[in-house]
Amino acid sequence: MRRYVLGTFALLASTGFILSSCGGSSSAQTPFERLGGEQGIRKVVSDAVPCLATDPNIGVFFRGLSADSLERIQLCLTKQLCAAAGGPCTYPTTITYTSPVDGVQRTYTCRPMRASHQGMLGPGGKGIANGDLDSFKACVQKSMQQNGVPSDLQQAVLNILESQRNDVVDDRNK
Amino acid sequence: MRKTALSLMLVFGLSSLTFAEMMHKEKTLYQRLGGYDAISAVVKDLAVRLVTDKQLGIYFKGLSNDSKNKLIAHLTDFVCSATGGPCIYTGRDMKTAHEGLGISDSDWNRFVELTKETLNKFRVPPKEQQEFLQAVAPLKSVIVEKK
Ligand code: HEM
Ligand code: HEM
């Protein structure tokens, strides 16, 4: 029995190895794992921020976020993607983070998407438009390309973002 | 006993007068502004001016309704507490809340102007207006990042 279990383990392990060494879309691994866990997701999120903040369409939405708030929303977005990509996260969730301003630990409750996005003003006074979500996705995609994320995995992440369009785009633009 | 108190008051005539004056007049700025409800109305009026202002509105374009409501609640607690009211402010300290926004001297002056517009609308007397602005003045060096 013991030997049987061990043998199965070895078989599973080698299969996993073969699959992942093909670089293909292993069904054994979640998108979360393939992205490199929370750390990998955080990297993709951080690297998207310069694009988001300077984008001619959507940069203005991020103008009023303090350094502390910008840190929070990156951590919240990471948790959100972690949860949606099959990782061990829940969302909404209360996070503990170290503020980049004074190094002090604080807590913050990451809110659901409607509470986070409905009712902004944005450049035209009507909040986030459909095209703004497209710009947002383009920045995330650019960051994934920079980080060498395989294209099928990029598509999986973009699908996760797309699936939230109705909550993120302002109701006044529908 | 009564006599002692009286003669004491005569001896320390000046200071007992001040004491009496304190007992009688020295209400907190919070009380003189009209308490929580009045401060809450002032903050809401100021918030509308800030969010729709040509110069300062840019800072609030990416705040959701939920965030704006929280900001108003925090600002109300902050002002209540800073004017001697019974509130405890639980938001971030002013440096953490504003660092990175790049608020300029001219932004600050505009903020003061809008605050005065609101205080005038609510017919807050000049003395209380001045005290209010004096109470927030020390925050300038913490909030303003750009000359
Ligand atoms: C599916 C796409 C999106 C996701 C998953 C997402 C996710 C998030 C998350 C997790 C937060 C933090 C929530 C919190 O603070 O409680 C947030 C905040 C924010 N997002 Fe998004 N977002 C998306 C699209 C967009 C778009 C298209 C824009 C603008 C063009 C945008 C602008 C913002 C801004 C400005 C904040 C801060 C709001 C505030 O503090 O009031 N987001 N987002
Ligand atoms: C030019 C003047 C000012 C501007 C443009 C400004 C702008 C802002 C912005 C954009 C935020 C939201 C930041 C974020 O969530 O990332 C904020 C937060 C806040 N501000 Fe100001 N502010 C100014 C002056 C003041 C003053 C004088 C006070 C106090 C009397 C004040 C009290 C607060 C409070 C209490 C918060 C909320 C902090 C929190 O949510 O933890 N601000 N301010």
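Atoms considered below: every heavy atom in the structure, side chains included; atoms not considered: hydrogens, waters and symmetry mates. Each chain gets a letter, A, B and so on, in the order its sequence line appears, and its residues count up from 1. A quick note: this is a predicted structure, and the numbers were derived from the prediction, not measured.
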Note, B/K95 side chain near A/D102 side chain (heavy atom, < 4.5 Å): no
Sorted by number, residues from residues 162-174 of chain A in contact with chain B (heavy atoms, under 4.5 Å): none
Transitive ILVMFWY side-chain link B/I58 to B/I143, under 4.5 Å: yes
Within 6.0 angstrom of B/K140 NZ, more than 12 heavy atoms from elsewhere: yes
same_hphob_cluster(A/Y97, A/L77) at 4.5 Å side-chain heavy-atom cutoff: no
Heavy atoms from other residues, nucleotides or ligands near NZ of B/K61 exceed 12 (cutoff 6.0 Å): yes
Chain A neighbours within residues 107-136 of chain B, where any heavy atom lies under 4.5 Å away: none
Pairwise distance CG(B/N65) to NE2(A/H117) - rounded to 0.5 angstrom: 13.0 Å
Minimum heavy-atom distance between B/R92 and A/S69, given as atom pair plus value: NH1-OG, 3.0 Å
Positions in residues 35-43 of chain B that reach chain A, provided some heavy atom is under 4.5 Å away: none
Under 3.5 Å: donor-acceptor pair, side chain of B/K68, backbone of A/G119: yes
Flag side-chain contact, heavy atom, 4.5 Å: A/L65 against B/L63: yes
Transitive ILVMFWY side-chain link A/L158 to A/L133, under 4.5 Å: yes
ILVMFWY network linking A/F61 to B/Y59, side-chain heavy atoms under 4.5 angstrom: yes
Heavy-atom closest pair, residues B/T96 and A/S66: O-OG, 3.7 Å
Closest-packed option against chain B by number of heavy-atom pairs under 4.5 Å, given A/A115, A/P123, A/A67, A/P100: A/A115
Donor-acceptor contact present, side-chain A/R63 to main-chain B/F60, <3.5 Å: no
Chain A interface, residue from B/G62, B/A97, B/G100 that has the most non-hydrogen pairs under 4.5 Å: B/G62
Those residues of residues 70-87 of chain B, ordered by number, that approach chain A below 4.5 Å (heavy atom to heavy atom): B/K70
For the student: nearest non-hydrogen atoms of A/S116 and B/S64, plus distance: O-CB, 3.2 Å
Verify same cluster id: A/I95, A/Y91 (apolar side-chain graph, 4.5 Å): no
Contact class of A/R106 relative to chain B, heavy atoms under 4.5 angstrom: side chain
